[in-house]
**Q** 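Quick one: the structure is below, and I'll ask about it shortly.
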Amino acid sequence: MKLQGTMEINEQGHLVIGGCDTVELAQEFGTPLYIMDEDQIRRTCREYYRSFVSRHGNAEVIYASKTFSTVAMCHIIKEEGLGLDVVSGGELYTALAAHFPVERIYYHGNNKTPQELETALEARVGRIVVDNFRELELLNALAAQHQRVVDVLVRVTPGIEAHTHEYIQTGQIDSKFGFTLPNGDAMRAIKGVIDADHLNFRGVHCHIGSQIFELASYSYTAQVMLELSQQIYQETGVYVRELNLGGGFGIYYASGDDPAQISDYADLVMTTVSETADALGLPVPKVIVEPGRSIAGPAGTTLYTVGSLKDIPGVRKYVAVDGGMADNPRPALYQSCYEAIVANKASLAPETVVSITGKCCESGDMLIWDIELPEVVSGDLLAVSCTGAYNYSMSSNYNRLARPAVVLVKDGQADVIVQRETYADIVRNDVVPARLLNVTNLRAASR
Ligand code: LLP
């Protein structure tokens with residue numbers, strides 16, 4: 001396993017993250033456990049800020065909170081000076097609970113409810129990214145009721161297919177997101193916003209997909225969006241002041257993944273935008289990027305305890321851990337690959353090939369196929385790296401498993417930022433109608 005962030009191996013051969021021995025973390029907080037490396041999160045935030053804002057100016061970096069949204073995470077993002085992308089009332093609520101500066105909040109989503117829009121208006125979020133014609137009408141009407149003019153971006157689906165898993169592509173034409181560019185919907189929507197009394201057109205947004213390695217996808221997208229900006233100016237006399245190019249920057253999960261440098265990404269995007277805008281005779285818009293995975297992903301590790309082992313000679317050795325698809329649905333959903341290390345035997349050389357399975361009741365509950373590890377026995381600790389993005393945020397209570405705790409580690413200190421769920425939490429919202437409480441009587445009556 002490639003060591004990420006502040007990871008190191010101590011003299012006892014234990015994996016250490018943020019100065020905390022993972023064996024001790026397991027003893028103190030139990031497993032499965034999500035561990036978030038605060039220095040690593042901050043380092044990446046700073047790298048984004050330096051590469052886009054300090055180096056080029058006229059740019060903003062927005063953390064896509066869907067990746068990993070907790071109140072503590074919002075505090076870190078706030079401190080690092082980034083903005084926040086939220087896509088639901090729940091993510092907005094989380095941001096507000098962290099007193100996140102509302103002017104730095106961007107509200108996305110393809111089906112915002114009237115209530116969610118109302119909350120966003122009341123909270124005075126900085127930008128609402130209008131996704132469809134229904135929302136355009138609804139938002140204008142709600143803003144009128146509030147006697148406000150709301151700053152909006154228009155989400156455009158540019159028709160670009162990034163090379164990534166099909167479920168995480170979003171820029172192609174056959175997509176539920178945004179206004180289609182080639183068929184003229186995008187221009188109609190933009191004119192609709194410009195004409196709407198209570199909406200203030202600030203610019204355009206697009207997001208072409210996630211886990212993208214090819215930087216050229218971004219420069220191509222920027223060009224397409226600037227050509228649209230030129231068309232907007234020609235047809236309406238209004239300039240695009242803000243160009244939001246979405247997120248998607250790919251990260252290393254397992255061997256074969258070859259991510260680019262954030263600074264190269266920034267240089268390419270910022271140069272393409274300024275050169276293309278100049279060539280088209282447009283003012284250079286402010287560039288906004290929305291990284292999620294690259295900020296949270298490499299900072300997260302999931303720690304499990306090994307339980308049962310099943311060796312089918314000549315076929316496969318299964319190693320079962322005390323979590324699985326409920327805390328990390330990504331291998332089952334997207335065939336994602338991960339790396340792992342035996343956290344209490346981190347300096348031992350690999351000896352055997354095993355497959356890591358979870359404890360959920362289905363065969364698809366596999367975390368890692370065919371990984372080389374030292375000899376593993378029940379009670380060992382397995383650390384799976386790069387699980388900070390779309391793991392906790394996509395976790396479920398499947399099989400009524402309780403969601404793991406999340407600890408934030410830094411300089412030898414570990415703080416719980418999300419408590420482990422209890423079985424009481426799991427039944428908390430269950431309600432039994434009175435008529436079910438007398439089952440024996442009912443049975444008797446029906447006989
Ligand atoms: N902006 C918008 C509008 C997005 O839809 C997304 C992700 C992002 C930014 C952040 O993209 P990132 O930098 O994290 O790639 N659950 C999937 C990923 C879904 C991505 C959804 N949108 C996964 O686990 O891979």
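We count ligands from 1, going down the list as the structure has it; atoms in each ligand are counted the same way. Just so it is clear, the model here is predicted, and its values are computed rather than measured.
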**Q** Are the aromatic ring centres of F52 and Y265 under 6.0 angstrom apart?
**A** yes

**Q** Below 4.0 Å from any atom of ligand 1, is there a heavy atom belonging to P291?
**A** yes

**Q** Where does the angle between the aromatic ring planes of Y239 and Y233 fall among parallel (under 30°), tilted (30 to 60°) and perpendicular (over 60°)?
**A**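 Parallel.
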
**Q** Would Y334 count as a polar contact of ligand 1, with the cut-off being nitrogen or oxygen pairs under 3.5 Å?
**A**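 Right, the criterion is met.
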
**Q** Test of understanding: given a 4.0 Å heavy-atom threshold, classify the contact between D85 and ligand 1 as side chain, backbone, both, or neither.
**A**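 Side chain only.
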
**Q** Which pairs of donor and acceptor atoms, one on a side chain in residues 191-200, lie under 3.5 Å apart (sequence neighbours left out)?
**A**
unit_1: K191; atom_1: NZ; unit_2: E235; atom_2: OE1; d: 2.6
unit_1: H198; atom_1: ND1; unit_2: R148; atom_2: O; d: 2.9
unit_1: N200; atom_1: ND2; unit_2: D151; atom_2: OD1; d: 2.7

**Q** For S210, counting its heavy atoms only, list the atoms of ligand 1 lying under 4.0 Å from any of them.
**A** 11 (O), 12 (P), 14 (O), 15 (O), 20 (C)

**Q** Look only at interatomic distance and state if A64 has a nitrogen or oxygen under 3.5 Å from any nitrogen or oxygen of ligand 1.
**A**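 In fact, backbone or side chain, A64 has no N or O that close.
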
**Q** Compute the shortest N/O to N/O distance between H205 and ligand 1 and return yes if it is under 3.5 Å, no if not.
**A**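 N/O-N/O distance below 3.5 Å does not exist for this pair.
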
**Q** Provide the number and element of each atom of ligand 1 under 4.0 Å from a heavy atom of G292.
**A** 12 (P), 13 (O), 14 (O)

**Q** Go through it in stages, so that I can follow the logic: the residues are R420 and Y34, the test is side chain to side chain donor-acceptor pair (under 3.5 Å), and I'd like the CA-CA distance, side-chain angles, deciding distance and then a yes or no.
**A** CA-CA 10 Å; R420 182 175 299 285; Y34 294 118; over 6 Å; no

**Q** For the ring pair H108 and H205, is the centre-to-centre distance below 6.0 Å?
**A** yes

**Q** Which is it for Y48 and Y63 under the side chain to side chain contact (heavy atoms under 4.5 Å, CB included) test, yes or no, and what are the steps along the way?
**A** CA-CA 10 Å; Y48 265 109; Y63 168 66; over 6 Å; no

**Q** Under the criterion side chain to side chain contact (heavy atoms under 4.5 Å, CB included), I'd like the reasoning laid out for M270 against R55: C-alpha separation, chi angles, the key distance, then a yes or no.
**A** CA-CA 10 Å; M270 297 305 287; R55 190 162 149 76; over 6 Å; no

**Q** Pick one: which of D380, I356, L381, N328 meets side chain to side chain contact (heavy atoms under 4.5 Å, CB included) with Y304?
**A** N328

**Q** Under 3.5 Å between any N/O of R155 and any N/O of ligand 1: does that happen in this structure?
**A** no

**Q** Atoms of ligand 1 less than 4.0 Å from G248 heavy atoms?
**A**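 Numbered from 1, ligand 1 contributes 11 (O), 12 (P), 13 (O), 15 (O).
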
**Q** Would G246 count as a polar contact of ligand 1, with the cut-off being nitrogen or oxygen pairs under 3.5 Å?
**A** no

**Q** What do you reckon, does K66 have a nitrogen or oxygen under 3.5 Å from a nitrogen or oxygen of ligand 1?
**A**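 Among all N and O atoms of K66, at least one is under 3.5 Å from an N or O of ligand 1.
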
**Q** In ligand 1, which numbered atoms sit nearer than 4.0 Å to a non-hydrogen atom of R330?
**A**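 It comes down to these atoms of ligand 1: 23 (C), 24 (O), 25 (O).
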
**Q** side-chain hydrogen bond (donor to acceptor under 3.5 Å, both in side chains): which pairs involve residues 36-46, sequence neighbours left out?
**A** T6-D37, E38-R42, D39-K410, R42-E79, R42-E80, R46-E80

**Q** Please list, in number order, the atoms of ligand 1 under 4.0 Å from a heavy atom of G247.
**A**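 Listed by number with element: 1 (N), 9 (C), 13 (O).
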
**Q** On a heavy-atom basis, I'd like to know which of H207, E290, M394 is closest to atom 6 (C) of ligand 1.
**A** H207

